[in-house]
Enquirer: 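Structure in structure tokens, see below.
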Amino acid sequence: MAYPFADFKYSDSLVVVGISFCTAIICEAISWVLIYRTNSYNNLRSSIDKASKKLETMKTDSNKIYIKKSKTKKIDRVETSLKESSRDLSLFKFKSGGVVAMVLFVVFGLLNSLFEGKVVAKLPFTPFGLVMKMSHRGLQGTDPTDCSMAFLYFLCSISIRTNLQKFLGFAPPRGAAGAGLFPMPDPKTN
């Protein structure tokens, strides 16, 4: 495939980064259409923000004075409502996840066919075991600093999409930070 700057030394790397950036924009546009512009998302997000602020003030107040049983019950109720809202938000975001995953798989397949067996970048370090298997995936040769398209696309997708979400204001609310696949365990249950 010939593109305008094919003679440039880093052209393959720039193409992968550019496609990754465009894919991130498309994925965030899909997420905006399916999630971020809806009233139910905005209501969930505002309830999480309010609950996290309320919980934060209750915990700072309880550190200053003697904690009453009623105060700890209120804190527990607010924490429970925050967890439920965070879970609801995760389920709400899940519906666009399938569409976004499909777009990412199509783009990855396209890039894989374009750059199959081709070194797209040189790493400035020698990676260790597992990272070397990922960075050297599908490449011939024994140079451990060779980087395949899959590894570069993976790194770009993660970093660009996360920063784009922060830039556009689509990052998860503060209080929903623990509401991922592996939330922090509740110390009260131990």
Side-chain angles (χ1 to χ4, degrees), residues 1-49 52 85-125 127 130-131 133-139 145-183:
M1 177 176 148
Y3 22 87
F5 52 93
D7 296 333
F8 187 57
K9 182 178 178 182
Y10 304 110
S11 64
D12 292 339
S13 301
L14 291 176
V15 167
V16 172
V17 171
I19 290 175
S20 178
F21 186 75
C22 292
T23 304
I25 290 174
I26 290 169
C27 289
E28 288 309 307
I30 290 169
S31 295
W32 182 79
V33 168
L34 296 177
I35 298 173
Y36 301 129
R37 71 183 179 109
T38 62
N39 288 332
S40 47
Y41 171 79
N42 291 327
N43 292 339
L44 275 172
R45 187 174 171 126
S46 66
S47 70
I48 289 173
D49 287 337
S52 63
S85 296
S86 297
R87 182 185 45 116
D88 291 344
L89 184 68
S90 296
L91 290 174
F92 193 73
K93 284 182 155 188
F94 187 71
K95 73 177 182 182
S96 79
V99 178
V100 169
M102 189 175 69
V103 168
L104 291 174
F105 282 132
V106 167
V107 170
F108 185 80
L110 174 73
L111 283 174
N112 210 15
S113 66
L114 288 175
F115 296 105
E116 187 174 356
K118 195 172 184 184
V119 176
V120 296
K122 283 285 203 185
L123 298 175
F125 59 91
L130 180 66
V131 176
K133 286 181 182 176
M134 291 187 318
S135 68
H136 209 265
R137 179 184 172 269
L139 297 178
T145 61
D146 287 346
C147 180
S148 68
M149 176 283 308
F151 188 67
L152 183 61
Y153 181 71
F154 172 72
L155 291 178
C156 289
S157 293
I158 289 173
S159 60
I160 291 172
R161 187 150 186 234
T162 303
N163 288 318
L164 187 62
Q165 284 176 341
K166 287 179 185 175
F167 178 73
L168 296 174
F170 297 155
R174 264 187 325 152
L181 286 175
F182 305 106

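If you read the sequence from its start, that first residue is 1, and numbering goes on from there. Note: hydrogens, waters and symmetry copies are ignored here, and every other heavy atom, side chains too, is used.
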Enquirer: Can you check whether Ile35's main-chain N or O pairs, donor with acceptor, with Thr38's side chain at less than 3.5 Å?
Expert: yes
Enquirer: Do you know the tightest heavy-atom contact between Leu44 and Ser85?
Expert: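 Smallest interatomic distance, heavy atoms only, reads CD2-O, 4.0 Å.
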Enquirer: Find out whether Phe92 and Arg45 are in side-chain contact, i.e. whether some heavy atom of one side chain is under 4.5 Å from a heavy atom of the other.
Expert: no
Enquirer: Could you work out, with ring-ring contact (aromatic ring centres under 6.0 Å, His included) as the rule, every residue matching Phe108, not counting sequence neighbours?
Expert: none
Enquirer: Using the side-chain contact (heavy atoms from CB on, under 4.5 Å) rule, take Arg137 and Asn112 through it: C-alpha gap first, then chi angles, then the decisive distance, then the call.
Expert: CA-CA 11 Å; Arg137 179 184 172 269; Asn112 210 15; 4.1 Å; yes
Enquirer: Taking distance alone, no hydrogens or angles, what donor-acceptor pairs closer than 3.5 Å link side-chain atoms of residues 13-25 to residues at least two apart or in another chain?
Expert:
unit_1	atom_1	unit_2	atom_2	d
Ser13	OG	Val120	O	2.2
Ser20	OG	Ser157	N	3.3
Thr23	OG1	Ile19	O	2.7

Enquirer: Only pairs at least two apart or in different chains count here, so list each salt bridge (Lys or Arg N to Asp or Glu O under 4.0 Å) that has a residue in residues 98-115.
Expert: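 Passing the test, one end in residues 98-115: no pairs.
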Enquirer: Could you measure the distance from the CZ atom of Phe170 to the NZ atom of Lys93? Nearest 0.5 Å is fine.
Expert: 10.0 Å
Enquirer: Filter on salt bridge (Lys or Arg N to Asp or Glu O under 4.0 Å), then keep only pairs touching residues 18-41, sequence neighbours left out; what's left?
Expert: Glu28-Arg161
Enquirer: Just list the side-chain donor-acceptor pairs under 3.5 Å for residues 146-155, sequence neighbours left out, or say none.
Expert:
unit_1	atom_1	unit_2	atom_2	d
Asp146	OD1	Lys122	NZ	2.6
Ser148	OG	Ser135	O	3.3

Enquirer: If you compare all heavy atoms of Ser31 against all heavy atoms of Val100, which two are closest, and at what distance to 0.1 Å?
Expert: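 Scanning both residues completely, I find the closest heavy atoms to be OG-CG2, 4.0 Å.
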Enquirer: Quick check for you: to the nearest 0.5 Å, what is the distance between Trp32 atom CH2 and Leu168 atom CG?
Expert: 11.5 Å
Enquirer: Do other residues, nucleotides or ligands put more than 12 heavy atoms under 6.0 Å from Phe105 CZ?
Expert: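 Open: at most 12 neighbouring heavy atoms sit under 6.0 Å from CZ of Phe105.
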Enquirer: When rounded to the nearest 0.5 angstrom, what distance separates CG in Leu89 from CG in Asn43?
Expert: 11.5 Å
Enquirer: Taking only residues two or more places apart in sequence or in another chain, which ones pass side chain to side chain donor-acceptor pair (under 3.5 Å) with Thr145?
Expert: Asp143
